[in-house]
Participant: 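First, the structure itself, so that you have it in front of you.
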Amino acid sequence: MSSAATPHVTAGVPQPRDTPARRISVFLSQHARVRLGLLLTAPLFWLGLVYVVALAALLITAFWTVDSFTGQVRTEFTLDNIITVVTGSLYQTVTLRTVGVALLVTVIDIAIALPVAFFMAKVAGPRLQRILVIAVLMPLWASYLVKAYAWRSVLAEGGVVDWMTAPFGGSSPGYGLPAVVITLSYLWLPYVILPIYAGLERVPDSLLEASSDLGAKTWRTMGSVVMPMLWPSIIAASIFSFSLSLGDYITVNIVGGANQLLGNLVYTNVGAANNLPLASAIALIPVAIMIVYLTAARRSGALENL
Amino acid sequence: MRLTTARRSTLFAGLAIASVAVLTACGTASGGGDSGEEATELGDYEGSVSILAWPGYVEDGSNDPSVDWVSAFEEETGCMVESKTYGTSDEAFSLMKTGDYDVVAASGDASLRLVAAGEVAPVNTDLLKNYDGIFDFLKMQSWNSVDGVSYGIPHGYGANLLMYNTDVFPDGLTSWSAVFDDAAANSGKVTAYDSPIYIADAAVYLMATQPELGIENPYALDETQLAAAVELLKAQRQHIGEYWSDYLKEIQAFETGDSVVGTTWQVIQNSITTGNTEVVLPDEGTTGWSDTWMISSQAKSPNCAYAWLDYIASPEANAQATAYFGEAPSSQAACEFRDDCEAYHAGDADYASQIWYWSTPIADCLDGRTDVECTDYAAWTTAWQEIKG
Amino acid sequence: MRLSRTARVTLGVVVAIVLAVVYLPLLIVFVNSFSTSVNLTWPPPGFTLEWWGKAFQNPGALEAIGTSAQVALAATAISLALGTLISLALQRYRFFGRDAVSLLVILPIALPGIVTGIALNNFFRTILDVRLGLFTIIVAHATFCIVTVFNNVLARLRRMGTSLEEASADLGAGVWTTFRFVTFPQLHSALLAGALLAFALSFDEIIVTTFTTGSGVTTLPIWILNNLFRPNQAPIVNVIAVVLVLVSIIPIYVAQRIAGAEQVQK
């Protein structure tokens, strides 16, 4: 297939000069495996060396222990940390709470993102579409911390929520888990809208027209045509909001009242308690949850649509 | 100190642990340098000095151009300052082990460990002309001297106070019971400091209310005593609106009314603009902090180090640094440069004597008991997480 | 599918409400940047331009923005290179372990930041024994930014097909020439979109950064974290946030224009 290998075919094309670069190119074009190898070497080296080794080291650390007197990590194998984490009622409660918050945030975000993304992709004209994409992306650039603090004042006693709901007899939920869910949903919303929007863009308009030409009502088209095509994008979006919520410890500090999530447990053990082995053991909980989630997600082909 | 910067400890927390782990992994955990000899006279300045300190202690104007007491020192001595901040005492301890730093500002829980490990040298206070002016009740204390040898110069100190909303408590408060036994009256609007060390606050309260527990020092709790403190805090937890760890959070909560009573610092009271809050040092006494500037036993620039210790204890610099941080200065003369000394009760020895200065709980009971083993900080951390639930 | 007018209007109203809620906190940030209250108390007791003046003379803030830009640019550059390579490999070849590789790319973003953070911290300090600083932040950020480039490029490659590349090769172009003149131009907007997301991701990242930064290096989020808790600095943080949001319109708009122009060409 390469012309270099069969020069007689290229009558009209000037013969390429026989430089070393050319020879490498010819060699590469004939050896797909070598090409693949070259493509993969750098990224795999990076991810493998930096990330896999780091994760493995963390996993191993979970089996070590800290000498309470010197504060140094003792490299003796022990299952103590794992047993503490698996059997401790504290860790079970906090894990359930964290997963609950993460799921709720994900569901809320998807519920909000679907109509918004649909409007952006299928209803708005090109100009409005462009403006909307900018409008969705822009809040990403205001710092995470600044936004979390803004929600703190929105939800405060006498804050904007109180002020707006007071005429209807409502009041702000105050600081606590509802505030955490609201704030996290807010923070991750753009990350959920974008993949769903991109997924909808890939659904050709002609397909929707065909569906309605064939007599399908709007809801039928949504359920039978749009959703199946959109499913991978939704799962991909959910990975963002779920995982980001699972590891958060800053938002819950700012608006979470007296509550703590898994991230806080890990953080306190690393920071205040100087106990990396226990922190690693706790960190294995979100890792395990995410791996289950990813495995499930992979079946749907979502991972290629992140 | 560690208190303000608890959040910031994220920054460096892992770092401390990791460096400890490096030492272990390489099997080269050295016992630190030689316990340096006390200097008897000073030589020429070396031209630079590296300082390890809590954030806010060594400000050169890069965070806020109007907050700068380093430049004056550099101009005066020619010692260029390289500063590094740390987030936890654990981290300070491991960073000092590298021998890269000439000077460290250490809190009570780090200072003794540094002395014991031979990382810091005795300080000849005769060479520090500003030492004389320092409050006597800060000199030669258990956290800055060992066996009558001084290991540094005091920096500043502060107390954890009880703050309350005067609309809710028009008659004022004098006891921590408002956040413990009587917390139910303001359920959901009580606040507490978010750190395992807050267990000591509960212990201080128990010392007064349950003397039969026999707590002598709130940082030396055996199993039973810790359990009693945990029980008290678990009961308190039901009425907590939020725990706070940075002070903007508490300022806002008291200004909006989300919190009406809880533990606080003087600087928070000073920042609140609504005018309906009051602070008090309750009858039971309280916890607090006191920091010490120390010199490394491996200091490469000992003369500049001495110069820094003297400079930061000088009235004007000490006033600037402690005012910026929000704590009492170390000398009466510094109050000439501050207009808020009274609010901090600077120099009030009686007031200072009611403060249990922060120390890290360790297995060897700090109160001298040898018949029981005390609970260490790791146990406190676990307990704290269970209290929060 | 023909949506009824009512459906369109309803959808439009939903979008308007969502955007209003999205911008409400930003509006508060904006208003607070003029507030006379240093504690960000709502409602503002008065208004002042003081913070805007101070913010632009704050060397710490300006330096932090510079550091963050440096980190984000470097991390974006690395992730552009690695992300493109890996998506070419995964889209154009079938090989053993392909699924594992695609999972590996996603893992750094799919695992919670605190896990990535302590893992990398432990790795840099104990295994590599390097000093934490600019370098370690860049490595960490690049690691989780690869996925944004990867996804965009992969999607584009899938849509592109291989016919043009084959034609190029048939006409005698070498591997490099084909990439440069045929593949790369088609990837343009996908790379740009990926780069923009990578840059934004890195620029605002705080959790992983907290664990991989050394003391001398302050990125903007770290500076904000430090300054939100300093006396009298909180409103300056709001000014910076407002400026960033406003400035961000430019790159997003440019990216949109380029992407839009490409769509028209098709």
Side-chain angles (χ1 to χ4, degrees), chain A residues 1-3 10 13 22 25 28-29 36 39-40 42-43 46-47 50-51 53-55 57-58 112 115-116 119 123 130 133-135 137-147 150-151 153-154 159 208 211-212 218 221 239 243 246-247 263 266-267 270 279 283 286-287 290 294 303-304 306, chain C residues 1-3 8 11-12 14-15 18-19 22 25-26 28-29 40 42 82 85-86 88-89 93 95 102 104 106 108 110-115 118-120 122-123 127 139 143 147 151 154 169-172 174-176 200 204 206 221 224-225 228 237-238 241 244-245 248-249 252-253 256 260:
Chain A
M1 100 185 189
S2 166
S3 60
T10 61
V13 182
R22 182 69 197 170
S25 174
L28 285 179
S29 68
L36 175 64
L39 285 176
L40 275 176
W46 184 285
L47 286 168
V50 174
Y51 205 64
V53 173
L55 274 183
L58 190 70
I112 296 174
V116 173
F119 183 85
V123 179
R130 203 175 299 158
V133 172
I134 294 177
L137 276 173
M138 240 169 46
L140 282 181
W141 294 83
S143 158
Y144 163 102
L145 287 164
V146 171
K147 284 182 286 190
W151 272 102
S153 59
V154 169
L208 302 185
S211 167
S212 69
T218 308
T221 307
I239 292 176
S243 126
L246 209 55
V266 175
Y267 172 68
V270 175
V287 170
M290 275 321 290
L294 286 176
L303 296 194
E304 305 195 337
L306 259 175
Chain C
M1 176 176 57
R2 283 144 213 138
L3 280 179
R8 286 165 175 271
L11 266 180
V14 169
V15 172
V18 169
L19 282 181
V22 165
L26 294 185
I28 287 176
V29 170
L40 311 181
W42 191 264
L82 297 181
L85 286 175
I86 207 159
L88 278 169
Y93 302 88
F95 57 92
S102 74
L104 186 59
I106 291 159
L111 291 185
I114 192 159
V115 175
I118 59 174
L120 287 177
N122 183 39
F123 170 71
I127 298 173
V139 171
T143 306
V147 69
N151 284 320
L154 195 74
D170 288 348
L171 288 171
V175 173
W176 172 241
D204 193 31
I206 179 144
I224 290 175
L225 185 69
L228 267 179
V237 171
N238 279 348
L244 285 181
V245 170
S248 73
I249 298 178
I252 299 175
Y253 183 75
Q256 278 282 296

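Below, chain A is the first sequence line, B the second, and so on; all start at residue 1.
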Participant: Step by step, would you call C:Leu85 with A:Leu40 a side chain to side chain contact (heavy atoms under 4.5 Å, CB included)?
Facilitator: CA-CA 7 Å; C:Leu85 286 175; A:Leu40 275 176; over 6 Å; no
Participant: Give, as side chain, backbone, both or neither, the part of C:Val22 having an atom under 4.5 angstrom from any heavy atom of chain A.
Facilitator: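 Both parts, heavy atoms under 4.5 Å.
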Participant: Can you sort out the partners of A:Trp141 under side chain to side chain donor-acceptor pair (under 3.5 Å), two or more places apart, ordered by chain and number?
Facilitator: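 Not a single residue meets the side chain to side chain donor-acceptor pair (under 3.5 Å) criterion with A:Trp141.
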Participant: Under a 4.5 Å cutoff for heavy-atom pairs, which residue among C:Thr143, C:Val237, C:Val14, C:Leu88 has the most contacts with chain A?
Facilitator: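 The answer is C:Thr143.
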Participant: Under 4.5 Å from any heavy atom of chain A, what part of C:Ile206 do you find: side chain, backbone, both or neither?
Facilitator: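 It is the side chain, since no backbone atom gets that close.
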Participant: Heavy atoms only: give me the nearest C:Ile114-A:Gly247 pair and the separation to one decimal.
Facilitator: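 Result for this residue pair: CG2-O, 3.8 Å.
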Participant: Pick one of side chain, backbone, both or neither for C:Leu19, based on which atoms fall under 4.5 Å of a heavy atom in chain A.
Facilitator: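 Only the side chain of C:Leu19 comes within 4.5 Å of chain A.
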Participant: Does some side-chain heavy atom of A:Leu47 sit less than 4.5 Å from a side-chain heavy atom of C:Ile86?
Facilitator: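 They are in side-chain contact.
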Participant: Give the member of C:Leu120, C:Asp204, C:Val245, C:Asn238 that has the highest number of heavy-atom pairs under 4.5 Å with chain A.
Facilitator: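 Maximum pair count with chain A is reached by C:Asp204.
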Participant: Determine, step by step, whether C:Val139 and A:Trp46 satisfy the side chain to side chain contact (heavy atoms under 4.5 Å, CB included) criterion, reporting the C-alpha distance in whole Å, the side-chain angles of both residues, the deciding distance to 0.1 Å, and the verdict.
Facilitator: CA-CA 9 Å; C:Val139 171; A:Trp46 184 285; 3.9 Å; yes
Participant: If you take all heavy atoms of C:Val29 and A:Ala150, which pair is closest and at what distance?
Facilitator: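 In this case the closest contact between C:Val29 and A:Ala150 is CG2-CB, 3.7 Å.
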Participant: Is any side-chain heavy atom of A:Leu58 closer than 4.5 Å to a side-chain heavy atom of C:Val115?
Facilitator: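 Touching, per the 4.5 Å side-chain cut-off.
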Participant: A side-chain contact here means heavy atoms from C-beta on lying under 4.5 Å apart; do C:Ile28 and A:Trp151 qualify?
Facilitator: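 Heavy-atom side-chain distance check fails, nothing below 4.5 Å.
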Participant: To the nearest 0.5 Å, what is the distance between CG on C:Leu11 and CZ on A:Phe119?
Facilitator: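 Reported value, rounded in 0.5 Å steps: 7.0 Å.
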Participant: Give the C-alpha distance, both sets of side-chain angles, the deciding distance and a yes or no for side chain to side chain contact (heavy atoms under 4.5 Å, CB included) between C:Leu111 and A:Ser243.
Facilitator: CA-CA 6 Å; C:Leu111 291 185; A:Ser243 126; over 6 Å; no
Participant: Do the side chains of C:Leu244 and A:Val146 get nearer than 4.5 Å, heavy atoms only?
Facilitator: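 Contact flag for A:Val146/C:Leu244 side chains = no.
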Participant: Shorter than 4.5 Å, heavy atoms on both sides: which option in A:Ser143, A:Pro286, A:Ala142, A:Ala57 has the most such pairs with chain C?
Facilitator: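 Most heavy-atom pairs under 4.5 Å with chain C: A:Ser143.
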Participant: For the interface with chain C, which of A:Leu39, A:Val53, A:Val287 has the highest count of heavy-atom pairs at distances below 4.5 Å?
Facilitator: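 The residue among A:Leu39, A:Val53, A:Val287 with the greatest pair count is A:Leu39.
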Participant: Who wins among A:Ala279, A:Pro139, A:Ala283 for the most heavy-atom pairs under 4.5 Å with chain C?
Facilitator: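 So the answer, after comparing A:Ala279, A:Pro139, A:Ala283, is A:Pro139.
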Participant: Taking all heavy atoms of C:Arg8 and all of A:Val123, pick out the closest pair and write down the distance.
Facilitator: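 Looking at all heavy atoms of both residues, the closest pair is NH1-CG1, 3.7 Å.
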Participant: Check whether C:Val18 gets within reach of chain A through its side chain, its backbone, both or neither, counting any heavy atom under 4.5 Å.
Facilitator: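 Just its side chain gets close to chain A.
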Participant: Taking A:Ile112, A:Ile134, A:Leu246 one by one, which has the highest count of heavy-atom pairs under 4.5 Å against chain C?
Facilitator: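 Heavy-atom pair counts peak at A:Ile134.
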Participant: Could you tell me which portion of C:Pro221 (side chain, backbone, both or neither) has an atom closer than 4.5 angstrom to a non-hydrogen atom of chain A?
Facilitator: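 When you check distances to chain A, only backbone atoms of C:Pro221 fall under 4.5 Å.
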Participant: For C:Phe123 and A:Ala54, which heavy atoms make the closest approach, and how far apart are they?
Facilitator: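 Where C:Phe123 meets A:Ala54 most closely, the heavy atoms are CB-CB, 3.5 Å.
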